[in-house]
Each structure stands twice: as C-alpha cells, then as structure tokens.
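Keep in mind that this is a model prediction, so the values were computed, not measured. Atoms considered below: every heavy atom in the structure, side chains included; atoms not considered: hydrogens, waters and symmetry mates.
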Amino acid sequence: MSGPTTAIFVADPITVMLSGSAIRAAQAIAEGYANAANLRDSQNERRERLSDDLKEAAAMGREALLEAVKAAEAEFDAVAKLAQRYVALDKVTATRPARPDSDSEMQLAAYMRAMQALVKELRSILLTESARRMDDLGGELTLDNAIAEAAGAGSQTAVQRLLARIAHLGEMPEDIASVAQEIGDAPFMDTERAQLLTNELRLRIQKRVESVQSQAVQEASALVLQQSLQDLGYQVEDVSSTLFVEGGVVHFRRQGWDNYMVRMRVDARAGTTNFNVIRAVDEASNERSVLDHLAEDRWCAEFTALLQALDVRGIHLNVTRRLEAGELPVQLVHKDKLPQFAEDEKSERTRKLQTREIK
C-alpha cells in the first residue's frame, strides 16, 4: 500500500544522456516515417511541409542514399567502440534505431538523418566526458580536422590543447578566453606565473565542461521521465526541460482513472521527488470518497514499474519516505487547476452535447 512517497533522484550522467539521445533519434525517425506516409497520401500540400533536409536527402538517388546510410552506420560503430571507455557497449548500441525494412527513399532518408544526428550527439557526449576527465579520448573523437590538429599535434602548446578539449561546445566563454589571451600575450612571462595562469585556465575549462554536462543531464532526465511514463501507458502533461533544474510539478494518469491522477513534485534544490495521488473535484463536490484508498493501492501496484523503467535509462529513485494508503487523506484539487487529458476532454464534450439535447 502506498500513500505519499518521497525519493531522492540520482542520475547516471552518461546513461541518462545516451537515453535522451536514443529517444530523440526514435522521435526523429517516427516523424520522418509519418512524413513519408503523408507524402504518399498527398503529393502536393503535404510535400511542402516536409523539412528541406529530408526532401534533399530523399532526392539523392537510391544508391547514394544507401551509401550515406552505410557511412552513418559505420560512424556509429566507431563511436560506440570508443564509448566503451566510459560506458558498457550495450548501453551505446541500445541507442541505435533499426534500419527501415521498407524500400521507401523517404524512410531511408529519415533513418539516415536520425543516425547522423545521433552520431553527432554521441560524439558530443563523449568529448564532453573526455574533457571532464582530462583524458586523451578527444583526439580520437574529433568533429573536424581543426580540432584534431589542435588535440593531437605535439607542436601545440598546453593552452591550445586545453582549449581544443572544449572546441565542440561552441563559442568560448569570455572568462576562459581572457585567461587564454593573457597567457598568449605574454609568452616570456616567468614560469611560476605561466603555471598559475595555466592552472586557472584548466580550472575554468573544467567548470565549463561540468556546467554543460549538468545541463545536458537535467534536460535528458526530463525527456526520459516523459517518455518512460508514456511507454508505461500513462497520459502525461508536457514535462518542462527545466524540471530537474528549477523544480516543478508533473501530473500523469491512465485512461479510466476517472478524477484521479498522480502528482509528481520535483524539488531541484533538495534533489527529491514526491509522488502522491490526487483527486480532481468541483467546488461543490469536495467530499472524501471511499475510492480514494483504492486509487492509492492501484498506484502502489504500479510504482515499482516506474522505478524500474527510469533505472534502466539512468535515473535512480531512492525511496526515503513511503506512507501507507489512507494514512493521509488524498489531496483534493480543483479541476480547473489541473491538466485536462484526452478522456476528460471527450467526457466534457459529451456532457455539453447532452445538455444541449435536453434543452
């Protein structure tokens, strides 16, 4: 039995980010397949809605498209092999979407684009982890020749090698650029000061990498939460990408739960989540119900499945407080303050129709 439940959330950074990448790849392919179906249904209006890059890829010609697919798959295999330094190989290969069985060029193009985007994400994840650990994986995972030259060439200075570690993160922050510039502007400064400035540069780069990775983990965690709930068959309100950064509330439920749903409240500062069953009520109907206890028992039976689904994708919830069903009354919340799910909307439309017919 389960009443309100509190848990500490802990994310495994690499696993969560890989899971987020896998979800985005699957979503991209699903969207591409839907576009392909739309194109078959309508050769005019819907064709205009397709993304330019997908149309361009589909127009490559079948042989060229197959070669591009093979190249993307080979890149994935190479990245997966390098990833074994940080994470089990099966966790990386699990992110790989299945190649479509169809002969449709549009579907192949969608798969190719998703694979290319996935490889780019995986490289960025691994390059960032490499920079965080200050190891030498970066030279093997470079995104372009310029980074490769800086990361691998023995003739490069220590500063250039440090800066090369974060080249994949885009524009260099001013606090890092200023220290690098100070070192560069005074090549003949005394050894002690040069060492101090280099250490400061290394520290700022480390903070930059940790900040970027932390944000990526938090955003991926929100995506993983929403997808895991949907995979388990729940209707879920949109989960903000900042949920694990700023905290907030998410509601979810199954069809057939009537006025009951689960509220998940995230306290980002404390690193905790709280789950409790709530019931949507009107102002005029806020009495307690004998069904409240049953609703809590029902959620209790399903809670373990959610814990397992999140754990597989890198989010671990360590339960610290779990009250018995009925130990506290189910929270009553005015329905106007809650999300309205599909079944609720259908019921509301039916009620309005019936009201008009009675009149």
Side-chain angles (χ1 to χ4, degrees), residues 9-25 28 72 75-96 114-152 156 158-177 179-180 198-224 241-245 268 313-316:
F9 61 84
V10 180
D12 175 356
I14 299 295
T15 302
V16 169
M17 289 188 289
L18 290 176
S19 298
S21 296
I23 292 168
R24 282 188 288 270
E75 286 186 79
F76 178 92
D77 291 339
V79 170
K81 184 177 179 181
L82 288 172
Q84 292 180 81
R85 186 175 303 189
Y86 303 138
V87 65
L89 180 61
D90 61 344
K91 289 188 177 181
V92 183
T93 55
T95 68
R96 180 176 183 165
M115 283 292 289
Q116 290 174 337
L118 175 59
V119 168
K120 186 174 181 180
E121 281 196 36
L122 295 181
R123 280 177 169 163
S124 183
I125 289 170
L126 297 179
L127 279 169
T128 302
E129 181 65 10
S130 170
R132 188 186 72 81
R133 299 189 186 202
M134 290 291 181
D135 65 18
D136 297 323
L137 182 60
E140 302 172 72
L141 261 176
T142 50
L143 295 177
D144 55 52
N145 292 334
I147 302 174
E149 211 174 289
Q156 299 296 315
V159 170
Q160 290 170 321
R161 287 195 295 273
L162 283 171
L163 295 180
R165 292 183 178 278
I166 58 170
H168 68 288
L169 298 179
E171 186 176 353
M172 190 183 306
E174 177 58 32
D175 67 319
I176 292 176
V179 177
T198 302
N199 288 340
E200 177 64 20
L201 178 63
R202 183 178 289 107
L203 178 62
R204 294 188 184 191
I205 286 175
Q206 188 78 6
K207 288 182 177 179
R208 162 73 169 158
V209 168
E210 289 175 354
S211 174
V212 168
Q213 187 181 77
S214 176
Q215 181 177 343
V217 168
Q218 291 161 343
E219 291 176 356
S221 295
L223 181 59
V224 162
S241 62
T242 63
L243 177 67
F244 292 95
V245 182
R313 285 172 163 158
I315 299 178
H316 312 293

Can you list the steps and then say if L163 with V159 is a side chain to side chain contact (heavy atoms under 4.5 Å, CB included)?
CA-CA 6 Å; L163 295 180; V159 170; 4.0 Å; yes
Taking every heavy atom of V16 against every heavy atom of V224, the minimum-distance pair comes out as O-CG2, 4.2 Å
Is any side-chain heavy atom of S130 closer than 4.5 Å to a side-chain heavy atom of L126?
no
Which donor-acceptor pairs under 3.5 Å do the side chains of residues 208-215 make with protein atoms, sequence neighbours left out?
from, atom 1, to, atom 2, distance (Å)
E210, OE2, Q206, NE2, 3.4
Q213, NE2, E129, OE1, 2.7
Q215, NE2, E219, OE2, 3.1

When you measure from the side chain of S124 to the backbone N and O of K120, does any donor-acceptor pair fall under 3.5 Å?
no
Looking only at non-hydrogen atoms, find the nearest pair between A268 and F244 and report the distance.
CB-O, 3.7 Å
Check: V179 and R202 side chains under 4.5 Å, non-hydrogen atoms:
no
With side chains defined as the heavy atoms from C-beta onward, is the minimum distance between L122 and L118 less than 4.5 Å?
yes
Pairwise side-chain contact, L127 with L169, heavy-atom cut-off 4.5 Å (strictly under)
no
Does the side chain of L162 come within less than 4.5 Å of T198's, by heavy atoms?
yes
Heavy-atom check, side chain of E75 versus side chain of R123, under 4.5 Å:
yes
For a 4.5 angstrom cut-off between non-hydrogen side-chain atoms, does E121 reach M17?
no
